[in-house]
Amino acid sequence: NVQLAKEYYVWASDRGHGLSAYCLSNLLFKEACSNDISTEEQNTLQEQSLMYLKLSAERGLAHAQHELGVTYKQGYSGVQSDFEIARYWLMLAEKQGHGASSQ
């Protein structure tokens, strides 16, 4: 049950659990990619997904830091491309041993 999973992820994320914020970000992004919803709903879900991705990166999750860095590097999900912000997040992920961040 995806709705129930989202509720649990929100609950755990609200209590500081970084991995839950990251998982919620991925669920929301997947929903945003659906062709069965309006463009407005897609945009809202993308914004929420990005919010939870940032939250998980700020909480120190290396994979989220890498993904956020790539998002800023490429300009995905309505994010303006910003190489300085991208480099910041990719360097944090690399310092934690996320190998793909060094490329």
Side-chain angles (χ1 to χ4, degrees):
N1 183 325
V2 175
Q3 185 58 39
L4 184 59
K6 282 174 30 180
E7 289 173 21
Y8 281 124
Y9 285 142
V10 168
W11 182 88
S13 178
D14 287 349
R15 284 152 182 79
H17 195 259
L19 183 57
S20 293
Y22 180 72
C23 291
L24 181 57
S25 171
N26 285 326
L27 276 177
L28 293 168
F29 186 79
K30 186 176 180 179
E31 282 185 46
C33 293
S34 171
N35 291 328
D36 298 333
I37 60 175
S38 70
T39 302
E40 184 178 318
E41 289 173 301
Q42 287 176 335
N43 292 338
T44 298
L45 288 167
Q46 281 185 341
E47 289 171 11
Q48 291 173 342
S49 173
L50 182 62
M51 179 189 75
Y52 282 104
L53 180 61
K54 285 180 181 178
L55 188 60
S56 60
E58 290 166 355
R59 290 181 177 161
L61 195 67
H63 198 74
Q65 292 168 341
H66 173 79
E67 194 170 317
L68 189 57
V70 170
T71 298
Y72 275 103
K73 183 178 179 182
Q74 301 296 327
Y76 293 138
S77 302
V79 172
Q80 183 76 14
S81 182
D82 187 320
F83 292 113
E84 289 301 314
I85 294 173
R87 194 168 95 218
Y88 170 79
W89 287 112
L90 291 170
M91 286 177 63
L92 283 179
E94 182 181 12
K95 285 180 184 178
Q96 292 193 68
H98 195 281
S101 298
S102 62
Q103 299 175 4

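The figures here come from the full heavy-atom set of this structure, side chains too, leaving out hydrogens, waters and symmetry mates. Residues: numbered from 1 along the sequence shown.
Hydrophobic clustering, with ILVMFWY side chains joined whenever heavy atoms are under 4.5 angstrom apart, keeps V70 apart from L28. Residues L55 and L53 fall into different hydrophobic clusters, defined by Ile, Leu, Val, Met, Phe, Trp and Tyr side chains chained together at heavy-atom separations under 4.5 Å. Residues L61 and L24 do not share a hydrophobic cluster, defined by chaining ILVMFWY side chains whose heavy atoms lie under 4.5 Å apart. Under the 4.5 Å side-chain heavy-atom criterion for ILVMFWY residues, a single connected hydrophobic cluster contains both L27 and M51.
Side-chain N or O atoms of S81 include one that pairs as donor or acceptor with a backbone N or O of K73 at under 3.5 Å. The backbone N or O of A21 sits nowhere less than 3.5 Å from a side-chain atom of S25 that would complete a donor-acceptor pair. Within the 3.5 Å criterion, the main-chain N or O of L45 finds no donor-acceptor partner in the side chain of S49.
Taking each heavy atom of F29 and Q46 in turn, the nearest pair found is CE1-NE2, 4.4 Å. Residues G69 and L90 come closest through the heavy atom pair CA-CG, 3.9 Å. Of all the heavy atoms in A57 and A64, the pair that sits closest is N-CB, 3.7 Å.
Note: Q74 CD to F83 CZ = 7.5 Å, rounded to the nearest 0.5 Å. Rounding to the nearest 0.5 angstrom, the gap separating the CD1 atom in I37 from the CG atom in N43 is 9.0 Å. To the nearest 0.5 angstrom, Q96 atom CD is 4.5 Å from Q65 atom CD.
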Exercise answer: donor-acceptor pairs, residues 2-9 side-chain atoms, under 3.5 Å, sequence neighbours excluded:
unit_1, atom_1, unit_2, atom_2, d
K6, NZ, E31, OE1, 3.4
K6, NZ, E31, OE2, 2.8

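For the pair Y52 and V10, the minimum side-chain heavy-atom distance is below 4.5 Å.
Relative ring orientation between H63 and H98 is described as tilted, the plane-to-plane angle lying within the 30° to 60° band.
Heavy atoms from other residues, nucleotides or ligands lying under 6.0 Å from OH of Y22 number more than 12.
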Candidate pair R59 and S13, rule side-chain contact (heavy atoms from CB on, under 4.5 Å), full reasoning: CA-CA 10 Å; R59 290 181 177 161; S13 178; 3.5 Å; yes
